[in-house]
Amino acid sequence: MVSNRESARRSRWRKKRHLEKLTEQANRLNLENQELKYALGSTLSQCNVVWKANQRLRSESVVLRGRLTGLCRTLAAMHGHAVNYNGAPNYSDRS
């Protein structure tokens with residue numbers, strides 16, 4: 001009977017130790033989860049900033065491309081050259 005009691009005591013100790021290890025693991029994983037959530041939030045914030053800058057640059061590019069096309073057409077007209085579809089002078093049609 002002593003051996004059965006000792007076996008039961010060891011079993012309870014193993015279960016307790018296992019529960020402690022699982023609790024420690026859960027705490028570590030919760031901490032890691034919080035850190036990952038913070039990192040994700042920071043990354044999403046940076047992504048939003050870059051996305052807005054990209055949109056602004058794309059809009060600026062459209063405006064600048066239009067201005068360049070107009071300038072190329074004006075320059076080509078001044079020199080009597082044909083202008084290709086993107087507004088650049090076509091120097092292969094020299095008169």
Side-chain angles (χ1 to χ4, degrees):
M1 192 183 280
V2 174
S3 140
N4 191 23
R5 287 181 185 169
E6 183 62 25
S7 178
R9 186 184 68 77
R10 284 192 306 262
S11 179
R12 287 190 301 274
W13 181 84
R14 281 192 304 271
K15 285 180 184 179
K16 181 181 175 187
R17 185 67 187 132
H18 182 66
L19 181 61
E20 289 171 354
K21 286 182 180 182
L22 289 176
T23 302
E24 289 172 7
Q25 182 181 17
N27 290 337
R28 280 193 312 273
L29 291 173
N30 282 329
L31 180 60
E32 182 181 356
N33 192 30
Q34 288 174 354
E35 291 170 352
L36 289 172
K37 284 180 181 179
Y38 175 78
L40 177 61
S42 178
T43 300
L44 289 174
S45 178
Q46 290 173 349
C47 180
N48 191 35
V49 168
V50 170
W51 185 82
K52 286 180 180 180
N54 188 38
Q55 288 299 104
R56 182 184 53 79
L57 290 171
R58 285 179 185 266
S59 296
E60 188 177 327
S61 172
V62 169
V63 170
L64 291 173
R65 191 176 311 273
R67 287 178 59 193
L68 180 60
T69 299
L71 289 172
C72 285
R73 286 184 178 151
T74 301
L75 184 60
M78 289 173 57
H79 293 289
H81 297 289
V83 177
N84 67 18
Y85 70 94
N86 66 1
N90 185 353
Y91 294 111
S92 62
D93 289 349
R94 291 195 175 187
S95 331

Inset, instruction - Working to the nearest 0.5 Å, report the span between NZ of Lys16 and OG of Ser11. - result: 13.5 Å
Inset, instruction - Check for a donor-acceptor pair, side chain of Asn30 on one end and backbone N or O of Ala26 on the other, with a separation under 3.5 Å. - result: yes
Legend entry - Polar side-chain atom of Ser61 near backbone of Leu57 as donor-acceptor pair, under 3.5 Å: no
Inset, instruction - State which residue, out of Arg9, Lys15, Arg14, fulfils the side chain to side chain contact (heavy atoms under 4.5 Å, CB included) condition with Arg12. - result: Arg9
Inset, instruction - Verify, without hydrogens or angle tests, whether Thr74 (side chain) and Gly70 (backbone) share a donor-acceptor contact under 3.5 angstrom. - result: yes
Legend entry - With Leu19 via side-chain contact (heavy atoms from CB on, under 4.5 Å) - residues at least two apart: Thr23
Legend entry - Side-chain donor/acceptor of Thr43 to backbone N/O of Ala39, under 3.5 Å: yes
Inset, instruction - Run the salt-bridge test on Lys21 and Glu24 with the 4.0 Å N-O cut-off and return the result as yes or no. - result: no
Inset, instruction - Answer yes or no: is there an ion pair linking Arg28 with Glu32, defined by an N-O contact shorter than 4.0 Å? - result: no
Legend entry - Reported OG1-to-CZ distance for the pair Thr69 and Arg67, which is rounded to 0.5 angstrom: 11.5 Å
